[in-house]
Chemist: 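Below is the structure I would like to discuss, written out as structure tokens.
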There are 2 protein chains.
Amino acid sequence: MPPLLVIDHHNGVPAYRQIMDQIKLQIATGVLAAGAEMPSTRTLSADLALNPMTISKAYSLLEHDGALERRRGQTLVVRAVKDAEGRSARLELLRTQFAAAASLARQLDIPKDEAIRIFKASLDETQS
Amino acid sequence: MPPLLVIDHHNGVPAYRQIMDQIKLQIATGVLAAGAEMPSTRTLSADLALNPMTISKAYSLLEHDGALERRRGQTLVVRAVKDAEGRSARLELLRTQFAAAASLARQLDIPKDEAIRIFKASLDETQS
DNA sequence: ATTAGCGTATTAGTGCACTAATACAGCATG
DNA sequence: CATGCTGTATTAGTGCACTAATACGCTAAT
């Protein structure tokens with residue numbers, strides 16, 4: 001089975017941010033349940049062949065963002081979220097992605113109605 | 001009257017990109033009409049207190065993007081009209097980006113109609 | 001107390017994007 | 001030709017984001 005996190009070293013996205021994005025997505029989709037314990041910085045750093053500081057940076061930022069929290073000592077666990085919070089978190093993820101798409105549409109001078117038409121088609125074409 | 005271009009040196013956006021964005025905007029809004037001659041790299045570099053190479057970089061990229069074109073020598077002018085030649089390529093870029101957004105929406109179990117609603121909002125927020 | 005795990009503050013190294021300095025080639029006009 | 005403009009290739013400098021190396025303090029268990 002594939003590891004929980006995968007780092008792509010040649011796509012320009014910094015490793016700590018790839019970690020953050022994937023964990024956030026896994027929390028939003030329920031792959032990581034509330035209360036789940038995260039691997040330690042050294043364990044994860046060994047798995048991903050990264051320095052513990054890189055993991056620490058990602059974890060710290062995730063804690064600052066409210067995605068993770070500390071419990072009894074240094075153990076990092078997935079934060080328990082209300083359903084409404086989970087929903088708003090998912091919507092926030094969507095907005096980020098959609099904003100990039102909308103920005104691209106604007107850069108390409110694609111009319112709004114046509115952008116919407118193409119987007120609808122993409123939604124229909126998306127398969128499981 | 002204010003100069004045509006204004007560079008903000010402490011907002012993190014590189015100067016050459018500020019130049020590109022402002023010129024593209026002025027073309028889109030008609031402030032720069034098709035066929036209008038752009039100031040020379042040295043003239044503009046003096047006005048903006050930048051190196052001619054920075055202007056040259058912006059101009060070259062704008063030409064590559066199809067916003068400007070060369071005419072009779074080195075004079076750079078605003079390109080006449082966007083034609084349909086690169087249209088299919090632009091739409092293909094859009095489809096790639098939109099497919100990623102649609103895929104995320106599906107992973108997050110966001111209903112189609114709500115995804116479209118959020119996307120429309122993103123399009124509106126992208127203005128200016 | 002000792003051991004073994006934990007996270008991270010501090011420091012340093014590295015790569016890259018951006019900008020500038022310099023120098024050169026092309027074109028027009030006298 | 002000579003002059004004066006044009007754009008830019010080449011090179012170098014600089015700042016910053018990212019990552020790693022090292023070392024330290026902390027907690028828990030024995």
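Proteins come first, then strands; the chains are lettered A, B, ... in the order of their sequence lines, and each starts at number 1.
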Chemist: Report the distance from atom NZ of Lys57(A) to atom C1' of dA21(D), rounded to the nearest whole Å.
Modeler: 16 Å
Chemist: Are OP1 or OP2 of dC6(C) and a side-chain N or O of Thr41(A) less than 4.0 angstrom apart?
Modeler: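 Indeed not, no polar side-chain atom of Thr41(A) lies that close.
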Chemist: Over all strands shown, is Ile55(A) touching base, sugar-phosphate only, or nothing at heavy-atom distances under 4.0 angstrom?
Modeler: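 Nothing: the residue Ile55(A), judged by heavy atoms under 4.0 Å, touches no strand.
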Chemist: For DNA chain D, find the residues of residues 7-15 of chain B with a heavy-atom distance under 4.0 Å and give them by number; none if there aren't any.
Modeler: none
Chemist: Please test Ile110(B) against Leu91(A) for side-chain contact (heavy atoms from CB on, under 4.5 Å), starting from the C-alpha separation and ending with a verdict.
Modeler: CA-CA 8 Å; Ile110(B) 304 295; Leu91(A) 293 185; 3.9 Å; yes
Chemist: Roughly how far apart are Leu94(A) CG and Leu104(B) CG, rounded to 0.5 Å?
Modeler: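 So the CG of Leu94(A) and the CG of Leu104(B) are separated by 5.0 Å.
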Chemist: Indicate whether OP1 or OP2 belonging to dC18(D) is found under 4.0 Å from a side-chain N or O atom of Tyr16(A).
Modeler: yes
Chemist: Check the phosphate of dT19(C) against Ser56(B), side-chain N and O only, distance under 4.0 Å to OP1 or OP2. Yes or no?
Modeler: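 Looking at the OP1 and OP2 atoms of dT19(C), neither is under 4.0 Å from any side-chain N or O of Ser56(B).
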Chemist: For Ile19(B) and dG7(D), give me the distance from atom CD1 to atom P, rounded to whole Å.
Modeler: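 The distance from CD1 of Ile19(B) to P of dG7(D) comes to 13 Å, rounded to the nearest Å.
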Chemist: Has Thr43(A) got a side-chain N or O lying under 4.0 Å from the OP1 or OP2 atom of dG5(C)?
Modeler: no
Chemist: Would you please confirm or rule out a distance under 4.0 Å between OP1 or OP2 of dG7(C) and any side-chain N or O of Tyr59(A)?
Modeler: no
Chemist: Separation of Met20(A) atom CE from dA17(D) atom C1', in whole Å?
Modeler: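 It works out to 15 Å between those atoms.
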Chemist: Specify the separation, in whole Å, of atom CD of Glu63(A) and atom C1' of dT8(C).
Modeler: 12 Å
Chemist: Should Ile23(B) and Met38(B) be marked as a side-chain contact (heavy atoms from CB on, under 4.5 Å) after you check the CA-CA gap, both sets of side-chain angles, and the distance that decides it?
Modeler: CA-CA 10 Å; Ile23(B) 289 179; Met38(B) 301 301 299; 3.6 Å; yes
Chemist: Which residue pairs pass the side-chain hydrogen bond (donor to acceptor under 3.5 Å, both in side chains) test when at least one of the two sits in residues 42-54 of chain A, sequence neighbours left out?
Modeler: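 Of all non-adjacent pairs touching residues 42-54 of chain A, those that pass side-chain hydrogen bond (donor to acceptor under 3.5 Å, both in side chains) are Ser40(A)-Thr43(A).
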Chemist: Of all residues at least two apart in sequence or in a different chain, which pass the ring pair (Phe, Tyr, Trp, His ring centres under 6.0 Å) check with Phe119(B)?
Modeler: Phe98(A), Phe119(A), Phe98(B)
Chemist: Anything under 3.5 Å between a protein N or O and an N or O of nucleotides 22-24 of chain C, put it in a table, one pair a line.
Modeler:
none

Chemist: Hey, is the side chain of Ser40(B) poking within less than 4.0 Å of OP1 or OP2 on dT6(D), counting only N and O atoms?
Modeler: yes
Chemist: Below the 4.0 Å mark, does dT8(C) have OP1 or OP2 next to a side-chain nitrogen or oxygen of Ser60(A)?
Modeler: yes
Chemist: According to salt bridge (charged side-chain N to carboxylate O under 4.0 Å, His left out), does anything in residues 94-104 of chain A pair up with another residue at least two apart or in another chain? List the pairs.
Modeler: Glu92(A)-Arg95(A)
Chemist: Between atom CE in Met38(B) and atom C1' in dG7(D), what is the gap in whole Å?
Modeler: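 So the CE-C1' distance, Met38(B) to dG7(D), works out to 14 Å.
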Chemist: Quick one: does Ser60(B)'s side chain have a donor or acceptor within less than 3.5 Å of a partner on Ser56(B)'s backbone?
Modeler: yes
Chemist: Please name all residues satisfying side chain to side chain donor-acceptor pair (under 3.5 Å) with Thr96(B), sequence neighbours left out, ordered by chain then number.
Modeler: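 Per chain and number, Thr96(B) pairs via side chain to side chain donor-acceptor pair (under 3.5 Å) with no residue.
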Chemist: Does the side chain of Glu114(A) come within less than 4.5 Å of Ile118(A)'s, by heavy atoms?
Modeler: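 Contact flag for Ile118(A)/Glu114(A) side chains = yes.
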Chemist: What's the CZ-P distance between Arg17(B) and dC16(C), to the nearest Å?
Modeler: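 Roughly 19 Å, once rounded to whole Å.
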Chemist: Minimum heavy-atom separation for Asn11(B) to Gln18(B), with atom names?
Modeler: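 That would be OD1-NE2, 3.3 Å.
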Chemist: Grab the CG-P distance between Leu61(A) and dT8(C) for me, whole Å please.
Modeler: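 Computing the Leu61(A):CG to dT8(C):P distance gives 10 Å.
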